[in-house]
Amino acid sequence: MRITILSGGIGGARFVSGVVAAAPDADVTVVANTADDIWLHGLRVCPDLDSLMYTLGGGIDPVRRWGRADETWSAKEDLAAYGEGPDWFGLGDRDIATHLVRTRLLREGRGLTAATAHLCERWRPGVTLLPMTEDEVETHLDAVVDGEPRHLHFQEYWIRHRAGVPFTALSYDGVESSTPAPGVAEAIAGADVVLVAPSNPVVSIGPIVAVPGLADALRSTSAPVVGVSPIIGGGAVRGMADQLMTGLGREISAAAVAETYGSRRDGGLLDGWLVDVQDADAVDRLSPAGVATRSVPLFMDDDATTRQLADDAIALARELRR
Ligand code: FO1
């Protein structure tokens, strides 16, 4: 069975590991968000690709759930000693090796897909890991910081300001002229099942479906498209999605996220949607729109619950495929 998953962020990586555990014989392709990516000290850092690669490859730090286990911060300390900013981004020594290899390959013109495949030769994630695009797309937010209007990179907003500054606009800079990375549209068109991970709808799934051609690929694939809500109750599970959604004036609920994605019957993305048991009201709200909604335990607090959630998503997709 060919499963294609759209994923970003820490929750997405965890969900993908559950799918791999639940469907060990499936051929899994993950389309990763790259709009979090950032140039730092001349290195290209790709947080969502690396969270997936490290989580699936066994190298992730188990507490932070980003960056490498057994990490040290000597380079970061000496960069600070040189007054070489930014000082708010946690650049670990082991993680820097990933960025050095990736940046060399990009400088040689190999492209982000080939660079990612090369890094995965070491990590063996057990999935095909694809960037959504090879073009540079970076999420920015227009905010006023200390009285100054800023066009903040998402990482600065997220890490330095802990998503705590009000913003007036959010943009995926460069997405209009981007094209899907090699293999991405094919992985969606050729899938038996497409899953949308419980990732941040604004900064993780939003950029992926904004890459010209990918929303159409999702609408036209013969595979059922099943998503998992990143919102349980009235709030984000662990990220700070709620601040982002509030900033955009969006209702923070499992049903509202599905309505943002839209039902495939009405030209949107979803055939099915999983919500937590405490959001069962979404089932009646979404059914008229043609989104088959099930309420199941959504909190991934260990490997067993994560695998069960993946099982539930695959089961709903199978039910919708007939
Ligand atoms: N998140 C933080 O909250 N603080 C950090 O210093 C930080 C550093 C970092 C370095 C590499 C990397 O791949 C991810 C890192 N993250 C950090 C997480 C990152 O901001 C988020 O995982 C995504 O961008 C949001 O999905």
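Keep in mind it's a predicted model, so treat the numbers as computed, not measured. In listed order, ligands and their atoms are each counted from 1. For this chain, numbers begin at 1 and follow the sequence in order. Scope of the values below: all heavy atoms of this structure, side chains included, with no hydrogens, waters or symmetry mates.
Side chain of E138 to main chain of G174: no donor-acceptor pair is present (N/O by atom type, distance under 3.5 Å, no hydrogens or angles).
Residue D281 qualifies as enclosed at atom CG: its count of foreign heavy atoms under 6.0 Å is above 12.
Listed by number with element, the atoms of ligand 1 under 4.0 Å from a non-hydrogen atom of D48 are 23 (C), 26 (O). Set against the non-hydrogen atoms of W158, the atoms of ligand 1 under 4.0 Å away are 20 (O).
Heavy-atom distances between R162 and ligand 1 reach below 4.0 Å in at least one pair.
Nearest to atom 16 (N) of ligand 1 by heavy-atom distance, out of Y54, F154, W66, is W66.
Of the protein's non-hydrogen atoms, P47 CA, 3.3 Å is the one closest to atom 13 (O) of ligand 1. Among all protein heavy atoms, the one lying closest to atom 20 (O) of ligand 1 is Q155 OE1, 2.7 Å. Scanning all protein heavy atoms for the shortest distance to atom 23 (C) of ligand 1 gives D36 OD2, 3.3 Å. Regarding atom 11 (C) of ligand 1, its nearest protein heavy-atom neighbour is D95 OD2, 3.4 Å. At the top of the distance list for atom 2 (C) of ligand 1, counting protein heavy atoms only, stands I159 CG1, 3.6 Å. Taking atom 6 (O) of ligand 1 as the reference point, the nearest protein heavy-atom neighbour is G90 N, 2.8 Å.
A parallel orientation is assigned to the rings of H151 and H140, their planes being inclined by less than 30° (bins at 30° and 60°).
With contacts defined as side-chain heavy-atom distances shorter than 4.5 Å, the pair E259/R285 qualifies.
A salt bridge links E156 with R150: the closest approach of a Lys/Arg side-chain nitrogen to an acidic carboxylate oxygen falls below 4.0 angstrom. Using a 4.0 Å cut-off between a side-chain N of Lys or Arg and a carboxylate O of Asp or Glu, D192 and R2 qualify as a salt bridge. Between K76 and D93 no salt bridge is recorded (no basic side-chain N to carboxylate O distance below 4.0 Å). Between D271 and R264 there is a salt bridge, since at least one side-chain N of the basic residue sits less than 4.0 Å from a carboxylate O of the acidic one.
Under 4.0 angstrom from ligand 1, there are no non-hydrogen atoms of L91.
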